[in-house]
Amino acid sequence: MTGTLYGIGLGPGDPELLTLKAHRLITNASTIAYPSAIDTPSFARSIAKDYIREGLREIPMPMPMKTDRFPAIEVYERAAKEIAEVLQTGEDVHVLCEGDPFLYGSFMYLYERLVDRFPCEIVPGVSSIMACGAALGRPTASRNDVLTVIPGPLENERIKDLLNASEATVIMKVGRHLPRLKALLKEIGLSESAGYVERASLPEMKVLPLSAVEDAKAPYFSMILIYRGSEAWSLPQQFLS
């Protein structure tokens, strides 16, 4: 018998947004693994820290913040090897995942390396998309609206095509692309219907109309939400005054 690999979605950051199942698994875990930026405390671990038992085995997975995939691939290979050694002893491994494990999550790369050898279970998490919509106070989509999720690093022409095909749009991974995205949305007349949220559900959360954002770049954990469908929804008045 081998152990089971769990990919546990933690939600957008507020520890109270963990699911009951995630809470149960984490509080009973004897081995956890989690991603972290090099020389930076793990955001995933910080979300779950109050539920982690003292003295358990921890497998940190330091990730270089680079666009080149190869350093990250080496990290996944090394982490998968270390996790596999634990699973082979019959012990479960609980991987802490920011947001949802299978929505732009790094867990999927561990999963593809281990799923053929060990039992795996995915515990979905509250998506940051839902958290940003709630923070903005405007419905994200309804009725037959087409909702499109766009990675911010895409080229402008591709983003334009996707925007034209959708009534509701979420742009993720804004980061250093913020000025370009702001200029693009202003050019095509969508700036005034765009809301901006960074660090959703956390104490330092920021919620603004996109046109009011003056920063030259945004944190990785930031989103732009746009609505151009048939409903008369606009940004809440408190954000416009």
Side-chain angles (χ1 to χ4, degrees), residues 5-27 29 31-52 56 58-67 69 71-73 75-76 79-80 83 93-114 120-136 140 149-153 170-177 196-207 217-225:
L5 175 68
Y6 290 91
I8 302 178
L10 301 176
D14 181 349
E16 292 188 338
L17 290 178
L18 264 71
T19 64
L20 292 173
K21 185 168 187 176
H23 178 270
R24 174 176 60 81
L25 289 169
I26 293 169
T27 55
T31 298
I32 60 170
Y34 47 81
S36 64
I38 292 176
D39 299 325
T40 302
S42 167
F43 179 49
R45 192 190 189 286
S46 73
I47 297 171
K49 65 181 178 62
D50 291 339
Y51 313 130
I52 296 172
L56 83 176
E58 300 192 25
I59 303 175
M61 299 179 289
M63 301 286 181
M65 294 294 103
K66 299 180 180 180
T67 55
R69 288 176 58 88
I73 288 174
V75 171
Y76 298 132
I83 289 170
V93 177
H94 299 74
V95 182
L96 308 181
C97 309
E98 301 148 3
D100 178 85
F102 277 178
L103 182 65
Y104 296 111
S106 58
F107 175 77
M108 64 184 71
Y109 303 110
L110 293 174
Y111 178 84
E112 70 173 342
R113 287 166 170 78
L114 297 169
C120 296
E121 182 174 342
I122 311 303
V123 181
V126 175
S127 167
S128 55
I129 295 174
M130 308 303 111
C132 286
L136 192 60
T140 304
V149 179
I150 301 176
V170 173
I171 302 178
M172 300 180 66
K173 305 181 184 181
V174 174
R176 61 186 175 85
H177 304 282
Y196 171 84
V197 183
E198 67 179 52
R199 298 188 172 95
S201 82
L202 296 173
E204 61 270 31
M205 176 175 70
K206 184 185 293 185
V207 185
K217 63 179 181 178
Y220 179 81
F221 295 106
S222 58
M223 289 190 197
I224 298 170
L225 286 78

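Atom set for the values below is all heavy atoms of this structure, side chains included, hydrogens, waters and symmetry mates excluded.
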| remark: For V75 and P62 the tightest heavy-atom approach is CG2-O, 3.3 Å
| task | Supply the atom-to-atom distance R113 CZ to I83 CD1, rounded to the nearest 0.5 angstrom. | result | 11.0 Å
| request: Kindly indicate whether the side chain of P101, heavy atoms from C-beta on, has any atom under 4.5 Å from the side chain of Y111. | output: no
| Minimum side-chain heavy-atom gap E198-F221 below 4.5 Å | no
| field | With sequence neighbours excluded, residues passing side chain to side chain contact (heavy atoms under 4.5 Å, CB included) with L225 | value | C132, L136, R138, T140, V170, M223
| said: Determine whether V95 and M61 satisfy the following criterion, side-chain contact (heavy atoms from CB on, under 4.5 Å), listing intermediate values before the conclusion. | reply: CA-CA 10 Å; V95 182; M61 299 179 289; 4.1 Å; yes
| request: Measure the CG-CE distance between D100 and M108 for me, rounded to the nearest 0.5 Å. | output: 8.5 Å
| Is the side chain of S36 donor-acceptor paired with the backbone N or O of P41 at a distance under 3.5 Å, no angle test? | no
| request: Search all heavy atoms of Y196 against all heavy atoms of A218 and return the closest pair with its distance. | output: OH-CB, 3.2 Å
| query | Side chains of E58 and Y34: donor-acceptor distance under 3.5 Å anywhere? | reply | yes
| Pair S128-M172, side-chain contact (heavy atoms from CB on, under 4.5 Å): steps then yes or no | CA-CA 9 Å; S128 55; M172 300 180 66; 4.1 Å; yes
| query | How long is the gap from OG on S201 to CE on M130, to the nearest 0.5 Å? | reply | 13.5 Å
| task | With side-chain contact (heavy atoms from CB on, under 4.5 Å) as the test, would you mind laying out the steps for F107 and L5 before giving the verdict? | result | CA-CA 11 Å; F107 175 77; L5 175 68; 4.0 Å; yes
| request: Working to the nearest 0.5 Å, report the span between OG of S106 and CD of E98. | output: 7.0 Å
| query | Is the closest side-chain heavy-atom distance between I32 and I8 below 4.5 Å? | reply | no
| field | side-chain contact (heavy atoms from CB on, under 4.5 Å) between I47 and L96, intermediate numbers included | value | CA-CA 9 Å; I47 297 171; L96 308 181; over 6 Å; no
| message | I need the minimum non-hydrogen distance between V123 and A22, along with the two atoms involved. | response | CG1-N, 4.2 Å
| task | Can you see which heavy atom on L110 is nearest to which on A79, and at what distance? | result | CD2-CB, 4.0 Å
| query | Do Y51 and P15 come within less than 4.5 Å of each other through their side chains, counting heavy atoms only? | reply | yes
| query | So which heavy atom on V207 is nearest to which on A135, and how close? | reply | CG1-O, 3.9 Å
| query | Do any N or O atoms from the side chain of D14 and from the backbone of L202 form a donor-acceptor pair under 3.5 angstrom? | reply | no
| request: Mind checking the CG-OG spacing from L17 to S127? Nearest 0.5 Å is all I need. | output: 11.5 Å
